[in-house]
Amino acid sequence: MSQEEELVFEEAQKGIKIVFWGPTLAGKTTALSLFHAIKKKEDPESVYNFLKLEDKATERTIGFDQATFGLGTGHGTGFKYHLFTTPGQDRFKSMRKIVVNGLHGLIVVIDSESARWEENKDSLTELFQILGEKLYNREVKMAIILNKMDLPAETRISAADVGRLMLEAGISDKLRDTFASTFEVSCLEALEALKDAWGKGEWNPKRRPQPVQRIIQPIQMVIRDILVSELRKG
Ligand SMILES: Nc1nc2c(ncn2[C@@H]2O[C@H](COP(=O)(O)OP(=O)(O)OP(=O)(O)O)[C@@H](O)[C@H]2O)c(=O)[nH]1
Ligand SMILES: [Mg+2]
């Protein structure tokens, strides 16, 4: 972030809210846990809190997960961003609506497993029912991640299929460019790469392992898009 941007945000004194959205078991909690672990490793002072609300037996989120980080390094600008996950199970529809309230950005998590096509579709339809206009007019910034790319190719979809999924979910192709820039990720591979590098005592934030970088990138992109848009608003 430039100095000018930092100043504006020091003055603004308000936080950014970004929400992970997607069907149950897509990997939202895993992705946020990974992001938190990386920040804690690289810049522990920028990590404020991390709260997970899950059912111990099934490990599914029963409220939401929430983590807060400072922007910039160390205590940085004093400006914070908050990452939330929604609970993906059908029974938590009303909770999801509450969690997305007032958000600035969205990380849409799609489960690449082919068998989850309908769940992905329903999850997208619901999202656009709640936020439609704000997404179409780009008031809410969005990145799409397609998770579990470690699955065998014959049992999963790829980024090339995301446009069709969106259209089937009733989403207009006004957001064509967003579908086209879907990030293919594997939280599982990222976790393995983390464990491997940390086991060896090797870690360089400027040269993170590829699977880790792929998870960080869309989150950073959404944060940047929000900052740019807030700056333009003055
Ligand atoms: N194969 C594979 N499994 C994954 C990957 N990411 C997450 N998982 C697994 O998927 C399951 C669900 O992950 P969660 O992160 O809890 O899913 P969630 O989206 O938070 O689910 P809800 O809280 O119910 O909405 C866990 O068993 C994870 O280990 C991945 O990249 N590949
Ligand atoms: Mg969860």
Side-chain angles (χ1 to χ4, degrees), residues 17-40 49-68 82-100 103 105-127 130-131 142-159 161-162 165 169 182-197 208-219 222:
K17 178 175 177 182
I18 298 170
V19 178
F20 288 75
W21 178 282
T24 186
L25 302 179
K28 301 175 296 294
T29 298
T30 312
L32 177 56
S33 305
L34 264 166
F35 186 79
H36 175 260
I38 296 158
K39 285 282 162 196
K40 208 159 173 190
N49 68 302
F50 183 33
L51 175 78
K52 261 200 223 189
L53 292 174
E54 64 186 10
D55 174 9
K56 290 268 181 301
T58 62
E59 293 191 344
R60 295 193 194 183
T61 305
I62 51 173
F64 51 81
D65 311 301
Q66 189 264 320
T68 301
H82 312 277
L83 302 186
F84 287 76
T85 72
T86 49
Q89 291 180 74
D90 282 349
R91 62 192 173 115
F92 294 125
K93 192 168 176 179
S94 54
M95 173 61 84
R96 287 193 284 278
K97 224 170 162 174
I98 294 170
V99 176
V100 297
L103 86 175
L106 195 65
I107 310 286
V108 176
V109 183
I110 296 175
D111 190 330
S112 69
E113 195 180 336
S114 310
R116 306 290 314 283
W117 183 269
E118 290 302 314
E119 284 90 341
N120 283 318
K121 221 167 81 177
D122 292 348
S123 160
L124 288 165
T125 304
E126 183 184 320
L127 173 67
I130 303 174
L131 288 175
M142 172 170 64
I144 301 172
I145 67 177
L146 184 60
N147 189 30
K148 307 193 187 175
M149 290 302 287
D150 54 277
L151 294 174
E154 60 280 12
T155 67
R156 62 157 172 83
I157 60 169
S158 69
D161 301 304
V162 167
L165 182 67
T182 297
F183 293 80
E184 292 184 335
V185 308
S186 164
C187 288
L188 197 73
E189 285 173 2
L191 264 173
E192 278 163 11
L194 272 191
K195 278 192 203 144
D196 185 49
R208 299 179 184 121
Q210 262 304 313
V212 173
Q213 187 56 17
R214 279 200 206 109
I215 311 270
I216 301 274
Q217 240 176 351
I219 302 170
V222 169

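Every number for a ligand or one of its atoms is a count from 1 in the order of the listing.
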Student: Distance under 4.0 Å to a non-hydrogen atom of Ala26: what atoms of ligand 1 satisfy this?
Tutor: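 Contacts of ligand 1 toward Ala26, numbered from 1: 17 (O), 19 (O).
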
Student: Would you call Ala190 a ligand 1 contact, heavy-atom distance under 4.0 Å?
Tutor: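 Per 4.0 Å heavy-atom rule, Ala190 does not contact ligand 1.
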
Student: Verify the distance criterion only: is there a donor paired with an acceptor across the side chains of Glu184 and Thr182 at less than 3.5 Å?
Tutor: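 No - no donor-acceptor pair under 3.5 Å links their side chains.
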
Student: What are the atoms of ligand 1, with element, lying closer than 4.0 Å to any heavy atom of Pro23?
Tutor: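 Close to Pro23: 19 (O).
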
Student: Which distance, rounded to the nearest 0.5 Å, do you find between the OG of Ser123 and the CZ of Arg116?
Tutor: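 Going from OG on Ser123 over to CZ on Arg116, the span is 9.5 Å.
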
Student: Looking only at heavy atoms, is any part of Leu25 under 4.0 Å from ligand 1, and if so is it the side chain, the backbone, or both, or is it neither?
Tutor: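 Answer for Leu25: both.
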
Student: Do NZ/NE/NH1/NH2 and the carboxylate oxygens of Lys195 and Glu192 come within less than 4.0 Å?
Tutor: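 No salt bridge links Lys195 with Glu192.
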
Student: Using a plain distance cutoff, I'd like to know if Gly88 has any nitrogen or oxygen under 3.5 Å from a nitrogen or oxygen of ligand 1.
Tutor: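 The answer is yes, given that Gly88 and ligand 1 share an N or O pair closer than 3.5 Å.
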
Student: Output yes when the distance from some N or O of ligand 1 to some N or O of Lys28 is under 3.5 Å, and no in every other case.
Tutor: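 For ligand 1, there is an N or O atom that lies under 3.5 Å from one belonging to Lys28.
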
Student: Looking only at protein heavy atoms, which one is nearest to atom 31 (O) of ligand 1, and how far off is it?
Tutor: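 In this structure, atom 31 (O) of ligand 1 has Cys187 N, 2.9 Å as its nearest protein heavy atom.
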
Student: What is the minimum heavy-atom distance between Cys187 and Asn147, and which atoms define it?
Tutor: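 What the structure gives for the nearest pair is N-OD1, 3.0 Å.
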
Student: Starting from atom 13 (O) of ligand 1, which protein heavy atom do you reach first, and at what distance in Å?
Tutor: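 The closest heavy atom on the protein side is Thr30 OG1, 3.4 Å.
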
Student: Geometry only, no angles: is Arg60 polar-contacting ligand 1 at N/O separations under 3.5 Å?
Tutor: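 No; the residue has no nitrogen or oxygen that sits under 3.5 Å from a nitrogen or oxygen of the ligand.
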
Student: Can you check whether Met149 has an N/O within less than 3.5 Å of an N/O in ligand 1?
Tutor: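 No; every N/O pair is 3.5 Å or more apart.
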
Student: Return the closest protein heavy atom for atom 17 (O) of ligand 1 as residue, atom name and distance.
Tutor: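 Result: Gly27 N, 3.3 Å.
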
Student: Counting only heavy atoms closer than 4.0 Å, does ligand 1 sit against the backbone of Thr24, its side chain, both, or neither?
Tutor: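 Both of them.
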
Student: Should Thr85 be listed as contacting ligand 1, given a heavy-atom distance under 4.0 Å as the test?
Tutor: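 No, that is not the case, since the closest heavy atom of the residue is not under 4.0 Å from the ligand.
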
Student: Can you name the atoms of ligand 1, numbered from 1 with element, that are less than 4.0 Å from a heavy atom of Glu59?
Tutor: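 Going through ligand 1 atom by atom, the ones under 4.0 Å from Glu59 are 16 (O).
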
Student: For atom 26 (C) of ligand 1, is the nearest protein heavy atom closer than 4.0 Å?
Tutor: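 Given the 4.0 Å limit, the answer for atom 26 (C) of ligand 1 is no, no protein heavy atom qualifies.
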
Student: Gly22 near ligand 1, heavy-atom distance under 4.0 Å?
Tutor: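 In this structure, Gly22 fails to qualify as a contact of ligand 1 - no heavy atom is under 4.0 Å.
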
